[in-house]
Amino acid sequence: MTASLLLVGCGKMGGAMLQGWLADGMVERVVVIEPAGLPEVARHPAVTVAAGPDALPPGFRPDVVVLAVKPQVMDTVLPAFQGLARPGTVFLSIAAGKSLAGLARRLGTGAAVVRAMPNTPAAVGRGITVAVGNANVSRESAMLCDRLLQAVGEVAWIADEAMMDAVTAVSGSGPAYVFLLTETLARAGEAQGLPADLAMRLARATVAGAGELLYRTQTGAGALREAVTSPGGTTQAALSVLMASDGLEPLLERAIAAAAGRSRELAG
Ligand SMILES: NC(=O)c1ccc[n+]([C@@H]2O[C@H](COP(=O)([O-])OP(=O)(O)OC[C@H]3O[C@@H](n4cnc5c(N)ncnc54)[C@H](OP(=O)(O)O)[C@@H]3O)[C@@H](O)[C@H]2O)c1
């Protein structure tokens, strides 16, 4: 399946996706609108640059318009693309907190719109994106969006858009929690007498290695944890602190609730 695409915004996430599509060979043509200048990846024979929505190649009818600008500018950017809303074209937005109804209001009620929430590991092809489409999205368009999103990692579809706040809190913001875990693990190692550089090296390799183990095996996280916990051993001593009633679980529950609440507030 090859497709023709319009990419609006080629920053960190748009650039990562473009890289994935080109590596995949799945796009026949990509027109990119990006005022900040194009990343190296965009210098490819399949990529054409347009200065703005008024400078698209004549007769260009993309299968997918990927909207990868910041949420704050989305509302002002969208109306200029209303003319592309027609059967056979789907708008795929990756903007955090921008609802299907809000996007369709600015594109026209007949527009087929998919709202997706990727996360930063997309930059290395290991993201996870959650997607939801409005009633105008055909099966074919949904499959095409799925394929485009898979170029930067896994994809899960939901039927209920209300879940997006929790998705944002878990996987959208989630990489930051793991980076914080790495930082605090290193600092705790320093507190036990390790030099800072060794402590960070250990923390980094441990988080990355444990993540890779989770990724490569079908074994659940709980079973992997139990496998490294011998009764009365060192891991169990740490877990008895982390799994106490005031340990990690209630802390993360509060953190995720705060992120989901903020996501609901931002969506207005
Ligand atoms: N990064 C993530 O981890 C992540 C995760 C989930 C979702 N997202 C979503 O992905 C979207 C993009 O985020 P990002 O991190 O990739 O931001 P970014 O690096 O700032 O990329 C956005 C790009 O869009 C450009 N732009 C601004 N106005 C434009 C216009 N009128 N037409 C075309 N391009 C325009 C910006 O150029 P200027 O710099 O000149 O303004 C910038 O290069 C956001 O909506 C965000 O919510 C990102």
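Here the structure is a predicted model, which means the values were calculated and not measured. Counting convention: from 1, in listed order, for ligands and their atoms alike. By convention here, the first residue in the shown sequence is residue 1.
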Do any nitrogen or oxygen atoms of ligand 1 lie under 3.5 Å from a protein nitrogen or oxygen, and which ones?
{"unit_1": "ligand 1", "atom_1": "16 (O)", "unit_2": "Lys12", "atom_2": "N", "d": "3.2"}
{"unit_1": "ligand 1", "atom_1": "16 (O)", "unit_2": "Met13", "atom_2": "N", "d": "2.7"}
{"unit_1": "ligand 1", "atom_1": "17 (O)", "unit_2": "Lys70", "atom_2": "NZ", "d": "3.3"}
{"unit_1": "ligand 1", "atom_1": "19 (O)", "unit_2": "Lys12", "atom_2": "N", "d": "2.9"}
{"unit_1": "ligand 1", "atom_1": "19 (O)", "unit_2": "Lys12", "atom_2": "NZ", "d": "3.4"}
{"unit_1": "ligand 1", "atom_1": "37 (O)", "unit_2": "Glu34", "atom_2": "OE2", "d": "3.1"}
{"unit_1": "ligand 1", "atom_1": "43 (O)", "unit_2": "Glu34", "atom_2": "OE1", "d": "2.8"}
{"unit_1": "ligand 1", "atom_1": "43 (O)", "unit_2": "Glu34", "atom_2": "OE2", "d": "3.0"}
{"unit_1": "ligand 1", "atom_1": "45 (O)", "unit_2": "Val69", "atom_2": "O", "d": "2.6"}
{"unit_1": "ligand 1", "atom_1": "47 (O)", "unit_2": "Ala96", "atom_2": "N", "d": "2.9"}

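- None of Val66, Val32, Val65, Thr89 except one satisfies the side-chain contact (heavy atoms from CB on, under 4.5 Å) rule with Leu6; the exception is Val65.
- When hydrophobic clusters are built by joining Ile, Leu, Val, Met, Phe, Trp and Tyr residues whose side-chain heavy atoms come closer than 4.5 Å, directly or via intermediates, Ile33 is not grouped with Val30.
- Between atom OG of residue Ser138 and atom CG of residue Leu144 there is a gap of 9.0 Å, rounded to the nearest 0.5 Å.
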Expected list for residues 188-210: side-chain donor-acceptor pairs under 3.5 angstrom, two or more places apart:
{"unit_1": "Thr206", "atom_1": "OG1", "unit_2": "Leu202", "atom_2": "O", "d": "2.5"}

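- Between the side chain of Arg29 and the backbone N or O of Val47, no donor-acceptor pair lies under 3.5 Å.
- Cluster membership for Leu5 and Val137, using ILVMFWY side-chain heavy atoms within less than 4.5 angstrom, is shared.
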